[in-house]
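What follows is a single structure, written as structure tokens, with notes after it.
Remember, predicted model here, so these are calculated numbers, not experimental data.
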Amino acid sequence: MRKLLDTFTTFFKSKTGHWVLIGSVLLISTGFRLFFLSYGNILGDEPLYSIRSIGLLDTLGSPIQTTPLDWFETLPWWAHLSFHDHPPLVFWIHHLFFEILGSSLLAQRLPSALFGIASVILSYFLGKKLYDKKFGLAMMLMMAINNFAIFYSRVVMMESITLFFILLGFYFFVKSTEDNKWLPWWGLCVGISVLSKYVGFFLLPAYFLYIILYKRNWLKDVRFYIAIGLGILVFSPVIIYNIQMYRSVGHFDLQFAFLLQQDFSMHWQELPGKTQRGSLLVRLQGIGGMLYTYSPLFFFFALCGFMTPILKKSIKEHVSHVDWLFFFVTVSMVGFMFLVGSGTRFLSYTTPFLIYLIIRFYQYFCSSFRWLTPLCIIFLLFECFFSYNTILASGESAVGLPFLMYPTQLTIEDSGDTALDKHLNHELRGYTSKKLPQVENKSIMKVIEQFHQPSKNERNVMLVFDPRINITTLNYVFLKRTFYEGWPITYTEQVPHIFQSDTEIPGDLTLYYVHALPPSNRDDEYSTNGLHPDELLSILLQLDTPRQPVYNRHGHLTYWVFELAPRHIQKMISQIHDYAASSQATPR
């Protein structure tokens, strides 16, 4: 056995064995990020990013958070340079994938997965540049199996793409500490990372603190100022966008206006995503709570790694400049969360930097104890299990106690959205809309007309949705079909106004009504002054209207989809008006 172990050790120390290890880690990383990528639940923000990326249409489809599309009768030229709440690069990248692959769930999530895999590869080269191949391989392995890194590589959000450019900029910064010729590349990548998401700004304090402490000579180097100029140049579309927005409406885009406490009540009276900030105490509690989204072992070692530079300094041992740089970046990101609020997604940006600090902690305190090697293997195996349990077996399939075996914060409950979307795809695939929806907003109407492709296979279809459906489903299932496929949609309350009792129903009209059930995560506090969805359900059941069930992956009934032919529509309208006249329907 000892001889066999020595043989394996010798092999993996060889050049061939090293590349076998790298290939194995890359295979693990790819499996975690691509396996069942087009299945599973929909995260709340995924449709909001996807629907806007398909046609680069800056709208949330809601009066709560309006956009320049709603403010101007004719969209000004500058409104195409960015988006009202985020910089544009991630939308542009997703748009490219949609152009090539179409608007499937796989196409939506693939950019995040590929950039996530690229970040794993980049971690190897970063670690190798800092120390050696073994260090690079350790960083690569931990990035490959970390649950946070995997989770945000499997959803349509900005974190995976932005993190890649942050790491790329950090890599060139490290190279610049040895040779100033890499400074322009660092500046370019910083500009790209900020063009991806504004969180890229919050590494700047760490960079400049490091420069003041250890690289003041850069302040006299023209390449440093070229780097700053390149970063500003790349970010210039957003700068121009904000200048023009301020001139036009008196405030910057949503993120800057919120941060600077500008008066934006004319356009944004409610900002659901910003309610999390709270007081300093609330933010501190939120950051503490987020740490439990890591595995308990990772959290413990991350805390040890974070404290390592401080402990070494306290006992007057040398702390390398690189260790301080990673420490500064981690502090900068935590400070960012104090400033804007403790969103779980922000913690993903600290993950590679915490991984570095964990490995340095091991090198400093543990590497001399050979008996700890089996414990390291146990730690890595547990990380794999924790990530599998969190990502691939999330929700009802996860095993063990929450927080010890998986984090509840990263569990996405299946509300049946993907199943509903597939059902409507099956009903409408191969057809185009005979009658386009009539939208008051001229800019949105232009997009609808642009994407609508007339064909011989036309259908006169109207989609009616239960207004208790949440905003995620509304965007993912319905608004997408209106904006980019031209299918008219409306909600329950509008049905009596569209179809009066004497309305002549077109002989070719098909009406699909989607009724939400409790497992669909509907809003049960919804109230109306008109037709309530449960009243419509009662009428349709009395008429014995054809319907199809939609189940989530756990077998729970989430939606009923009713298919109404003209005769069913006529009977339904008659019943609705008779019901309204007899019962004098009151708000619910």
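Side-chain contact between F258 and F252 is absent, with no heavy atoms from C-beta onward closer than 4.5 Å. The shortest side-chain heavy-atom distance between Y476 and T418 falls under the 4.5 Å cut-off. Residues L254 and Q65 meet the side-chain proximity criterion, which asks for heavy atoms closer than 4.5 Å. Side chains of M142 and L380 form a contact here, defined as non-hydrogen atoms less than 4.5 Å apart. Within the 4.5 Å cutoff, the side chain of E46 has heavy atoms near those of the I42 side chain. Using a 4.5 Å heavy-atom cutoff, the side chains of L357 and T308 are not in contact.
Using a 3.5 Å distance cut-off with no hydrogens or angles, the side chains of D253 and Y198 do pair a donor with an acceptor. A donor atom on one side chain and an acceptor atom on the other are found under 3.5 Å apart for D58 and H84. Between the side chains of Q108 and S103, no donor-acceptor pair of N or O atoms lies under 3.5 Å.
Annotation: Y210, atom OH; neighbour count of heavy atoms from other residues, nucleotides and ligands within 6.0 Å is above 12. Counting heavy atoms of neighbouring residues, nucleotides and ligands inside a 6.0 Å radius, atom CZ of F201 exceeds 12 of them.
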For a ring pair (Phe, Tyr, Trp, His ring centres under 6.0 Å) check, start with the C-alpha distance between Y49 and H86, then their side-chain angles and the critical distance, and finish with the verdict.
CA-CA 10 Å; Y49 293 122; H86 290 295; 5.7 Å; yes
Walk me through whether D523 and N470 qualify under side chain to side chain contact (heavy atoms under 4.5 Å, CB included).
CA-CA 7 Å; D523 179 14; N470 62 54; over 6 Å; no
Could you check F365 against R360 for side chain to side chain contact (heavy atoms under 4.5 Å, CB included), going step by step and ending with a plain yes or no?
CA-CA 9 Å; F365 290 104; R360 290 293 286 156; over 6 Å; no
Take Y388 and F32 through the ring pair (Phe, Tyr, Trp, His ring centres under 6.0 Å) test and state the conclusion after the steps.
CA-CA 8 Å; Y388 172 83; F32 266 128; 7.5 Å; no
Working note: L114 + F97, criterion side chain to side chain contact (heavy atoms under 4.5 Å, CB included); need CA distance, chi angles, decisive distance, verdict.
CA-CA 11 Å; L114 294 179; F97 275 78; 3.9 Å; yes
Can you list the steps and then say if F135 with Y356 is a ring pair (Phe, Tyr, Trp, His ring centres under 6.0 Å)?
CA-CA 9 Å; F135 197 98; Y356 168 89; 5.5 Å; yes
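Under the side chain to side chain donor-acceptor pair (under 3.5 Å) criterion, D417 pairs with S415, T473, Y559, sequence neighbours left out. Take V331 and apply the side-chain contact (heavy atoms from CB on, under 4.5 Å) test, not counting sequence neighbours, and it matches F306, F327.
Under a 3.5 Å cut-off, the side chain of D45 and the backbone N or O of L48 do not form any donor-acceptor pair. Between the side chain of R223 and the backbone N or O of L183 there is no donor-acceptor pair closer than 3.5 Å.
Relative to the six-membered ring of Y364, K312 meets both conditions, a distance below 6.0 Å and an angle of at most 45° to the axis.
In this structure, Y406 has its ring center no closer than 6.0 Å to that of F386. The aromatic ring centres of Y207 and F173 sit less than 6.0 Å apart. Here F299 and Y294 keep their ring centres 6.0 angstrom or further from each other. Between F91 and F83, the distance separating the two ring centers is shorter than 6.0 angstrom. For F298 and F379, the gap between ring centers reaches or exceeds 6.0 Å.
Ring geometry for F172 versus W182: interplanar angle under 30°, hence parallel rather than tilted (30 to 60°). Relative ring orientation between F326 and F353 is described as tilted, the plane-to-plane angle lying within the 30° to 60° band.
The two residues G169 and W186 come nearest to each other via the heavy atoms O-CD1, 3.2 Å. When every heavy atom of S112 is checked against every heavy atom of V155, the shortest pair comes out as OG-O, 2.8 Å. Closest approach of P47 and L43 over heavy atoms only: CD-O, 3.3 Å. P87 approaches V194 most closely through the heavy-atom pair CG-O, 3.4 Å.
R52 and D85 are joined by a salt bridge, as a carboxylate oxygen and a charged side-chain nitrogen come within less than 4.0 angstrom of each other. No salt bridge links K134 with D132; every basic N to acidic carboxylate O contact stays at or beyond 4.0 Å.
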